[in-house]
There are 2 protein chains.
Amino acid sequence: MDTFKLCPHFEAAFELLGKRWTGLIIHSLLKGAKRFSDIQDIIPNLSARMLTERFRELEKQGIVVRKVYAETPVRIEYELTEKGRELESVMQEIQKWAEKWT
Amino acid sequence: MDTFKLCPHFEAAFELLGKRWTGLIIHSLLKGAKRFSDIQDIIPNLSARMLTERFRELEKQGIVVRKVYAETPVRIEYELTEKGRELESVMQEIQKWAEKWT
């Protein structure tokens, strides 16, 4: 059996994408910037605490940016960065597979 | 803000792929059938208990088959089904993104 080693880049990507809810959050943001409450509407089973945690991780990873609009009341939106938007092709492949096999 | 609903197929696929280690296990099996110990060599941080659990889920989902060869000693290998192999394009997209962004 050939010894096959995991690519560290691939492992790092799965460390990120493999976290529960992350994929669905990214998928939702591919349609455009969303408010916190919008994501909760789209993913009802996702708690506010978990969404806060996932947004913090995604911001840290440079995949999401948090935009604050100084309106009254203040409007806060979450948006994908270029790095985040480039996950679209991954999501499209998952969608194709999902439609055929789930 | 348009109300955008998650596709149930997509959600089901992420429910599966979004589990920790699952993606790395599938990625390892794309190189061909592997024994339990081979996967543990490839993914050192993955415990035997967790690997057993993931294999059971993947078998139940029809993504992996467990093949028993009546040799001495008995040889057991895990192999992707067609449904599993068709995840290759998803893995390739993740690899491309990972090489650019991680």
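Below, read A as the first sequence line, B as the second, and so on, with proteins coming before strands; counting in each chain starts at 1. Fair warning: this is a prediction, and the values are worked out from it, not measured in the lab.
Considering every non-hydrogen atom in both A/Arg85 and A/Leu80, the closest pair reads NH1-O, 2.9 Å. When every heavy atom of B/Ala33 is checked against every heavy atom of B/Glu77, the shortest pair comes out as CB-OE1, 3.4 Å.
Only the side chain of A/Ile63 comes within contact range of chain B, judged by heavy atoms closer than 4.5 Å. Contacts between A/Glu11 and chain B at a heavy-atom distance below 4.5 Å involve backbone atoms as well as side-chain atoms. Interface remark: B/Glu82 contributes backbone and side-chain atoms alike to the contact with chain A (heavy atom separation under 4.5 Å). Proximity to chain B (any heavy atom under 4.5 Å) is restricted, for A/Lys100, to the side chain, taken from C-beta onward. Proximity to chain B is limited to the side chain of A/Phe14, based on heavy atoms less than 4.5 angstrom apart. Using a 4.5 Å cut-off between heavy atoms, A/Lys83 contacts chain B through both its backbone and its side chain. Contacts between A/Trp97 and chain B at a heavy-atom distance below 4.5 Å involve the side chain alone, from C-beta outward.
A heavy-atom distance below 4.5 Å is not found between the side chains of A/Lys31 and A/Ile42.
In this structure a side-chain-to-backbone donor-acceptor pair under 3.5 Å is missing from B/Thr102 to A/Ala13. For the pair B/Arg66 (side chain) and B/Arg56 (backbone), a donor-acceptor distance under 3.5 Å is absent. Side-chain atoms of A/Arg54 come within 3.5 Å of backbone N or O of A/Arg20 as a donor-acceptor pair.
Ranked by heavy-atom pairs shorter than 4.5 Å toward chain B, the options A/Val90, A/Ile43, A/Leu16, A/Thr22 are led by A/Val90. Counting heavy-atom pairs closer than 4.5 Å to chain B, the top-ranked of the candidates A/Lys96, A/Met91, A/Glu99, A/Gln61 is A/Met91.
Using cut-offs of 30° and 60° on the angle between ring planes, the pair A/Phe55 and A/Phe36 is tilted.
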